[in-house]
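Everything below concerns the one structure shown next.
What's counted below: heavy atoms across the whole structure, side chains too, no hydrogens, waters or symmetry copies.
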Amino acid sequence: MDMTHHAQTRSQQRGISPVHLKLLTAFGQSEKMPGNATAVFLGKKGLKDLEFILREGLQVMDKLKGQVVLLAEDDSVITCYHRTKRTWR
């Protein structure tokens with residue numbers, strides 16, 4: 001995500017991390033603002049969706065260890081498997 005110098009400074013001052021920005025843009029709702037800008041924020045639905053994803057993520061986190069998905073150039077899934085040996089970093 002590209003950020004202006006102003007946005008970098010303000011996010012640092014206000015404790016808004018890059019992870020926060022990703023979550024806001026992924027789960028937030030948007031509202032048009034003056035100057036052709038868009039405000040993105042977490043409303044009730046976004047918060048509920050994010051809470052569901054986080055709870056689900058905590059439940060499956062251990063299962064994800066060692067799982068691999070192999071993707072083609074067009075991002076289609078070729079196969080998936082459990083890695084049994086440490087073949088790469």
Is it true that atom CG of Asn36 has more than 12 heavy atoms of other residues, nucleotides or ligands lying nearer than 6.0 Å? no
Locate the shortest heavy-atom distance separating Asp49 from Phe27; write the atom from each residue and the value. CB-CD2, 4.0 Å
Take Leu71 and Ile78 through the side chain to side chain contact (heavy atoms under 4.5 Å, CB included) test and state the conclusion after the steps. CA-CA 5 Å; Leu71 302 176; Ile78 297 171; over 6 Å; no
Linking I/L/V/M/F/W/Y whenever their side-chain heavy atoms sit closer than 4.5 Å, directly or via other members, would Phe41 and Met33 fall into one cluster? no
Would Phe52 and Leu47 show up in the same hydrophobic cluster when neighbours are defined by side-chain heavy atoms closer than 4.5 Å? yes
Can a donor-acceptor pair be found, under 3.5 Å and without considering hydrogens, that links the side chain of Ser76 to the backbone of Ala72? no
Output the distance between atom CD (Glu56) and atom CG (Leu58), rounded to the nearest 0.5 Å. 10.0 Å
Above 12 or not: heavy atoms from other molecules or residues under 6.0 Å from CD of Gln13? yes
Side chain to side chain contact (heavy atoms under 4.5 Å, CB included) between Glu51 and Arg55: does it pass, once the steps are laid out? CA-CA 6 Å; Glu51 181 181 4; Arg55 286 184 192 277; 2.8 Å; yes
In this structure, CG of Leu54 is separated from CD of Gln59 (nearest 0.5 Å) by 11.5 Å
What verdict does the side chain to side chain contact (heavy atoms under 4.5 Å, CB included) test give for Met3 and Ser11, after you've listed the backbone C-alpha separation in whole Å, the side-chain angles of each residue and the deciding distance to 0.1 Å? CA-CA 10 Å; Met3 292 180 70; Ser11 64; 3.6 Å; yes
Worked check of side chain to side chain contact (heavy atoms under 4.5 Å, CB included) between Gln67 and Arg83: CA-CA 6 Å; Gln67 292 182 356; Arg83 186 173 67 178; over 6 Å; no
Heavy atoms only: give me the nearest Ser30-Thr38 pair and the separation to one decimal. CB-CG2, 3.4 Å
Of all heavy-atom pairs linking Gly43 and Gln29, the shortest is CA-OE1, 3.7 Å
I'd like to know if Ile16 and Leu23 are part of one continuous hydrophobic network [Ile/Leu/Val/Met/Phe/Trp/Tyr, side-chain heavy atoms within less than 4.5 Å]. no
Can you tell me how far the CG atom of Leu42 sits from the NE2 atom of His20, to the nearest 0.5 Å? 10.5 Å
ILVMFWY network linking Leu21 to Val40, side-chain heavy atoms under 4.5 angstrom: no
Taking salt bridge (charged side-chain N to carboxylate O under 4.0 Å, His left out) as the cut-off, I'd like each qualifying pair that reaches into residues 22-40, sequence neighbours left out, listed once. none
What pairs with Ala26 under side-chain contact (heavy atoms from CB on, under 4.5 Å), at least two apart in sequence or on another chain? none
